[in-house]
Structure formats: C-alpha cells, structure tokens
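Below you'll find the structure, written out as structure tokens, and then a few comments.
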Amino acid sequence: RSKCVRLACTVIGECGRALGPGFSEGANLLLPPLLKLLRGASPLVVVESAEACVRTLMLHTRTPGLLLPLVSGATQRGAAPALRAACVRFLGEALVCYDDNGLSHQLVQLGDALGAAIAD
C-alpha cells in the first residue's frame, strides 16, 4: 500500500507541476483524501509523500479552493493533532506563496484557523 500511495502522490504532484492552475479542479478534489493520510496513523513514507504532494499542489496551482480544506483541518477540534498541525503549516506556506488576491477573500477563515492553532 505504501508504494502505491507514494507513486500516486508523485503522479498527482507532477500533474500539478505540469498543468499549474489548469489542474486546480483536480487539486481541489484530491486535497481532502491527501489530508486524511496526515492523521498520524499512516506509515512515515505515506505521510511524507502526501505532504510533498500537498506542497507541490499549493505551489503550482495556487488555487484558493485549496485553502478551505486546510482551514477546516486546522480548526476541526475532533481532528488528529498531526492533521491540525500539518494544515497550519500548509496555511503558513500559503501565506508566503499565494498572491494577495488569492488570500483576500478568505482572511477571516485564515484568522480563525490561526487563532485555533494558537489556542491549542
């Protein structure tokens, strides 16, 4: 299973890299299952592959639709601590790599997510 997940994450990342914003819809659909791999119960190779894939999708597609699942994962009280921490890291990276237009519509949600992270 680990090899299959690692290969799938590599292919998804390459699609995001090659297609850029054209892969936004695919990235939006695939992000929630990728985040489920970060809950802490998966083997390290799976977690590392999923994290690299999410970073690649964020960097190359830069679609604001990716922020909503990250905000949800960061603020969800029932979520695993490893998932919440990963979502907060990804949101921090989004603040660096997204342009202002991509973030401006979701400032309240980003603030809520960061506030929840501080409260942890």
Side-chain angles (χ1 to χ4, degrees):
R1 177 178 177 257
S2 297
K3 288 181 183 180
C4 183
V5 171
R6 185 177 62 200
L7 181 59
C9 287
T10 300
V11 170
I12 293 166
E14 286 302 315
C15 287
R17 185 176 290 122
L19 299 173
F23 192 65
S24 294
E25 188 174 325
N28 290 337
L29 290 173
L30 293 169
L31 184 62
L34 287 168
L35 292 177
K36 286 182 183 178
L37 297 173
L38 302 177
R39 290 184 282 182
S42 301
L44 183 60
V45 67
V46 169
V47 171
E48 289 174 346
S49 298
E51 283 187 355
C53 184
V54 171
R55 280 191 179 90
T56 301
L57 291 177
M58 287 177 45
L59 179 64
H60 293 285
T61 63
R62 296 188 184 183
T63 177
L66 293 180
L67 299 176
L68 295 175
L70 296 175
V71 166
S72 176
T75 57
Q76 192 174 33
R77 285 287 170 204
L83 173 60
R84 289 197 325 266
C87 288
V88 170
R89 280 194 309 273
F90 293 138
L91 287 171
E93 293 171 14
L95 290 172
V96 172
C97 73
Y98 279 47
D99 63 14
D100 293 341
N101 292 334
L103 296 172
S104 64
H105 299 297
Q106 300 181 17
L107 287 178
V108 172
Q109 293 91 342
L110 288 169
D112 291 345
L114 296 175
I118 291 170
D120 276 347

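- Nearest heavy atom pair, residue Cys87 against residue Gly73, reads SG-CA, 3.7 Å.
- Taken from NZ in Lys3 to OG in Ser49, the straight-line distance is 12.5 Å, to the nearest 0.5 Å.
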Show me the donor-acceptor pairs within less than 3.5 Å that the side chains of residues 10-18 make with the rest of the protein, sequence neighbours left out.
unit_1 : atom_1 : unit_2 : atom_2 : d
Thr10  : OG1    : Arg6   : O      : 2.9
Glu14  : OE2    : Arg17  : NH1    : 2.4

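- Between Glu51 atom CD and Cys9 atom SG the span is 10.5 Å, to the nearest 0.5 Å.
- Rounded to the nearest 0.5 Å, atoms CG (Leu68) and CG (Asn28) are 8.5 Å apart.
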> Can you check side-chain contact (heavy atoms from CB on, under 4.5 Å) on Leu57 and Phe90, steps first, answer last?
Replying inline: CA-CA 11 Å; Leu57 291 177; Phe90 293 138; over 6 Å; no
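- Atom CD of Glu93 and atom CE of Met58 lie 5.5 Å apart (nearest 0.5 Å).
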Identify every side-chain donor-acceptor pair in residues 31-41 under 3.5 Å, counting partners at least two apart or on other chains, and give the distances.
unit_1 : atom_1 : unit_2 : atom_2 : d
Arg39  : NE     : Lys36  : O      : 2.9

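- The OG1 atom of Thr56 sits 11.0 Å away from atom CZ of Phe23, with the distance rounded to the nearest 0.5 Å.
- When every heavy atom of Val45 is checked against every heavy atom of Ser2, the shortest pair comes out as CG1-CB, 3.6 Å.
- Between Ser24 and Pro21, the closest heavy-atom pair is OG-O, 2.6 Å.
- Put simply, CG on Leu66 and CG on Leu59 are 11.5 Å apart, with the number rounded to the nearest 0.5 Å.
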